[in-house]
Amino acid sequence: MNVSVIGTGYVGLVTGACLAEVGHEVVCMDDNPAKVEVLLQGRMPIFEPHLEGLVARNRRAGRLRFTTDVAEAARDAAVIFICVNTPPRPDGDADLTYVEVATRRIAEHATRDTLITEKSTVPVQTGQWIEKTLAIYRTRPGITFEVASNPEFTREGMAVEDFLHPDRIVVGVSSPQAEAVLRELYAPIVEGRFACPIHPECRVDRAVPFLVTDIASAELIKHASNSFLALKIAFANAVADVCEAAGADILQVVKGVGLDKRIGRAFLNAGIGFGGSCFPKDLKAFVKIAERNGYDFALLKEVERLNVRRRELVVAKLQQALWILKGKRIGLWGLAFKPHTDDIREAPALAIARRLLDEGAEVRGYDPQAAAKAQEAVPGLTICPDPYAAAAHAEAVVLCTEWPEFAALDFARVKAGMVRPLLLDGRNALDREALLALGFEYLGIGRGTAPAPRRPA
Ligand SMILES: NC(=O)c1ccc[n+]([C@@H]2O[C@H](COP(=O)([O-])OP(=O)(O)OC[C@H]3O[C@@H](n4cnc5c(N)ncnc54)[C@H](O)[C@@H]3O)[C@@H](O)[C@H]2O)c1
């Protein structure tokens, strides 16, 4: 099928590359010429595991093209995905300017019947606005536009894997024809009819659930899903604070809670809070959507408040341990908002870096992928080539992002380089007992108990 993708960022590039990988002819269009130029040169504008290989292979096979020309993208596509950014406005609402511009350009340039499919995360009823916009700005009366919603649930750092092996595919449509087009498009993924580029042994033992809804419900499913995940994290963080005060251990508590199948262990991780381009923005937008529809979503407002407070918690813990922060050298391990990505949007590590710099501390950070972006966002931060350098002569190190490499460090070497061996494990990702045995002062999140005695081997 001929598919076009408007907006070649984290979502659009993954969508385009994966749809090409399962056999479709894909044109990815972006109005940022620098980004398209990088792609045309065979380089990646973002870091996402597996993506580079997928893009290269499908370009070679002639199934994946990049352009800045919307006419080229709109010309022959049976389906056009809108994957542009929907950043928050100052009042928390989603800014849909980019969606509107993309829609107008499609209306002006499409030359055949086309299914315009929103993949960007948009407020409920955006589909109706897209329909109206297409009707107003269309230049060829003979062709038919239909609108669908196909929210994206991929996680950054796992996006290729999630796209090819999703928990579910949700499509919001208003006609059987639109449903049929999207069923055909996704059939290789739903039925596992593609050679998996990630797991050569991959065998599909069940069809991926393909949920068909009306457009408004599909739009809401996305906001409700992200808000629920954010709620789970905020809940774990609140329980962690109680654990810390009451002398209990959050890791043991969430293990016990998560074993209940009705609850599940995923997203019950206490720490320094969530960030990224989705949860904070989508939460705000959902509060606004609810408000516009006459509902005060106080629950989600509290989730937001709790999350912002996590960053202050780190500063407070450091102040309690170090007393004065001014002039102290503090290392930050991990600057991306989560592991396996170079995305720093709303990254807790950067908010913490800014706060510590404001306090007069010297802040040295390391991240395997996000260093350059972090440096641009926080010029006062000193970027280090490795985690040992970030810890060198430091009075404390904060683990902000749980890249697996941090758990595997030579901690005797880390300790030898530090002025004071204080480790604040902001993600409870390190082996507390081993660090204490090495002589570190270990501070976790919600870890109120003394370490459990080691069992004899
Ligand atoms: N990042 C994620 O993991 C994720 C997951 C699910 C949903 N989403 C949603 O998907 C949407 C895109 O997110 P993203 O992270 O990929 O954003 P992004 O900022 O990485 O990419 C958006 C791209 O759209 C381009 N663009 C903007 N207007 C355009 C236009 N009129 N024509 C052509 N290109 C245009 C920009 O240049 C940019 O490259 C957002 O609504 C986001 O909430 C993101």
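Just so you know, residue 1 is the first one in the sequence shown, and it goes up from there. Heavy-atom basis, side chains included; hydrogens, waters and symmetry copies ignored. Counting convention: from 1, in listed order, for ligands and their atoms alike.
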Chemist: Is it the case that the side chains of Y10 and D342 hold a donor-acceptor pair, with the cut-off being a distance below 3.5 Å and no angle test?
Modeler: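 Yes - a donor-acceptor pair under 3.5 Å links their side chains.
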
Chemist: Please confirm whether K281 comes under 4.0 Å of ligand 1, counting heavy atoms of the residue only.
Modeler: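 Contact present.
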
Chemist: Classify the ring geometry between Y186 and F163 as parallel (under 30°), tilted (30 to 60°) or perpendicular (over 60°).
Modeler: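 It falls in the tilted class, 30° to 60°.
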
Chemist: Evaluate whether atom CD of Q41 has more than 12 neighbouring non-hydrogen atoms of other residues, nucleotides or ligands under 6.0 angstrom away.
Modeler: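 Counting other residues, nucleotides and ligands, CD of Q41 exceeds 12 neighbours.
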
Chemist: Verify whether one side chain among R168 and S225 offers a donor that lies under 3.5 Å from an acceptor in the other.
Modeler: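 S225 and R168 do have a side-chain donor-acceptor pair below 3.5 Å.
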
Chemist: Do R345 and F337 form a cation-pi contact, if we require the NZ or CZ to be under 6.0 Å from the six-membered ring centre and within 45 degrees of the ring's axis?
Modeler: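 Checked: cation-pi criterion not met.
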
Chemist: With heavy atoms of K222 as the reference, note each atom of ligand 1 found under 4.0 Å away.
Modeler: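 Taking each heavy atom of K222 in turn, ligand 1 has 6 (C) under 4.0 Å.
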
Chemist: Tell me which protein heavy atom sits closest to atom 32 (N) of ligand 1, plus the residue, atom name and distance to 0.1 Å.
Modeler: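 Ranked first by proximity to atom 32 (N) of ligand 1 is I6 CG2, 3.6 Å.
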
Chemist: Counting non-hydrogen protein atoms only, what is the nearest one to atom 27 (C) of ligand 1? Give residue, atom name and distance.
Modeler: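 I find the closest protein heavy atom is N85 OD1, 3.2 Å.
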
Chemist: Out of M29, E48, E156, whose heavy atom is nearest to atom 3 (O) of ligand 1?
Modeler: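 Looking at heavy atoms only, the winner is E156.
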
Chemist: For atom 8 (N) of ligand 1, what is the closest protein heavy atom, and at what distance to 0.1 Å?
Modeler: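 Among all protein heavy atoms, the one nearest atom 8 (N) of ligand 1 is V11 CG2, 3.5 Å.
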
Chemist: Mind checking whether S120 contacts ligand 1 via backbone (N, CA, C, O), side chain (CB onward), both or neither, at a 4.0 Å heavy-atom cut-off?
Modeler: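 Within the 4.0 Å criterion, S120 contacts ligand 1 through backbone and side-chain atoms alike.
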
Chemist: What protein heavy atom sits nearest atom 41 (O) of ligand 1, and how far away is it?
Modeler: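 Sorting protein heavy atoms by distance from atom 41 (O) of ligand 1 puts T86 OG1, 2.6 Å first.
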
Chemist: One residue to check: R345. Relative to ligand 1, which of side chain, backbone, both or neither has a non-hydrogen atom less than 4.0 Å away?
Modeler: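 R345 to ligand 1: side-chain contact only, backbone stays beyond 4.0 Å.
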
Chemist: Taking 4.0 angstrom as the limit and counting only heavy atoms of T154, give me the atoms of ligand 1 inside it, by number and element.
Modeler: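 This gives 3 (O), 5 (C) as the contact atoms.
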
Chemist: Do NZ/NE/NH1/NH2 and the carboxylate oxygens of R355 and E312 come within less than 4.0 Å?
Modeler: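 E312 and R355: salt-bridged.
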
Chemist: Of all the non-hydrogen atoms in the protein, which one sits nearest to atom 38 (C) of ligand 1, and at what distance?
Modeler: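 Answer for atom 38 (C) of ligand 1: D30 OD2, 3.4 Å.
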
Chemist: Distance under 4.0 Å to a non-hydrogen atom of V101: what atoms of ligand 1 satisfy this?
Modeler: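 Contacts of ligand 1 toward V101, numbered from 1: 31 (N).
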
Chemist: Check whether any side-chain heavy atom of L182 sits under 4.5 Å from a side-chain heavy atom of T117, and report yes or no.
Modeler: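 The answer is yes; the side chains approach within 4.5 Å.
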
Chemist: Does a side chain donor of either R265 or N269 reach within less than 3.5 Å of an acceptor in the other side chain?
Modeler: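 There is such a pair between these side chains.
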
Chemist: Are R305 and E302 ion-paired here, with the side-chain N under 4.0 Å from a carboxylate O?
Modeler: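 Salt bridge: yes.
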
Chemist: Indicate the ring-plane relationship of H199 and H165, choosing parallel, tilted or perpendicular according to the 30° and 60° boundaries.
Modeler: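 The rings of H199 and H165 sit tilted, inter-plane angle from 30° to 60°.
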
Chemist: Counting each atom of ligand 1 from 1 as listed, which ones have a heavy atom of C278 under 4.0 Å away?
Modeler: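 Result: 2 (C), 4 (C), 5 (C), 8 (N), 44 (C).
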
Chemist: Report yes or no: do T67 and D69 form a side-chain donor-acceptor pair below 3.5 Å?
Modeler: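 No donor-acceptor contact under 3.5 Å links the two side chains.
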
Chemist: Select one of side chain, backbone, both or neither to describe which atoms of K35 lie under 4.0 Å from any atom of ligand 1, heavy atoms only.
Modeler: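 Contact part for K35 vs ligand 1: side chain (C-beta onward).
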
Chemist: Could you check L54, N58, L13 and say which one makes a side-chain contact (heavy atoms from CB on, under 4.5 Å) with L64?
Modeler: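 Exactly one pass, corresponding to N58.
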
Chemist: Using a 4.0 Å heavy-atom cut-off, say whether C83 meets ligand 1 through its side chain, its backbone, both or neither.
Modeler: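 For C83, the contact with ligand 1 is made by the backbone alone.
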
Chemist: Any N/O of Y10 closer than 3.5 Å to an N/O of ligand 1?
Modeler: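 For ligand 1, there is an N or O atom that lies under 3.5 Å from one belonging to Y10.
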
Chemist: Nearest to atom 30 (C) of ligand 1, what protein heavy atom do you find, and at what distance?
Modeler: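 Of every protein heavy atom, D31 OD2, 3.4 Å lies nearest to atom 30 (C) of ligand 1.
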
Chemist: Heavy atoms only: which of V84, N32, D343 is nearest to atom 29 (C) of ligand 1?
Modeler: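 Considering heavy atoms of V84, N32, D343, the nearest to atom 29 (C) of ligand 1 sits in V84.
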
Chemist: Near S277, which atoms of ligand 1 are under 4.0 Å from a heavy atom of that residue?
Modeler: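 Heavy-atom distances to S277 below 4.0 Å select 1 (N).
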
Chemist: Side-chain donor-acceptor pair under 3.5 Å between E405 and Y366, yes or no?
Modeler: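 Y366 and E405 do have a side-chain donor-acceptor pair below 3.5 Å.
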
Chemist: Please write down residue, atom name and distance for the protein heavy atom closest to atom 9 (C) of ligand 1.
Modeler: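 Protein heavy atom with the smallest distance to atom 9 (C) of ligand 1: T121 OG1, 3.4 Å.
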
Chemist: Can you tell me the protein heavy atom closest to atom 21 (O) of ligand 1 and the distance?
Modeler: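 For atom 21 (O) of ligand 1, the nearest protein heavy atom is G9 CA, 3.2 Å.
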
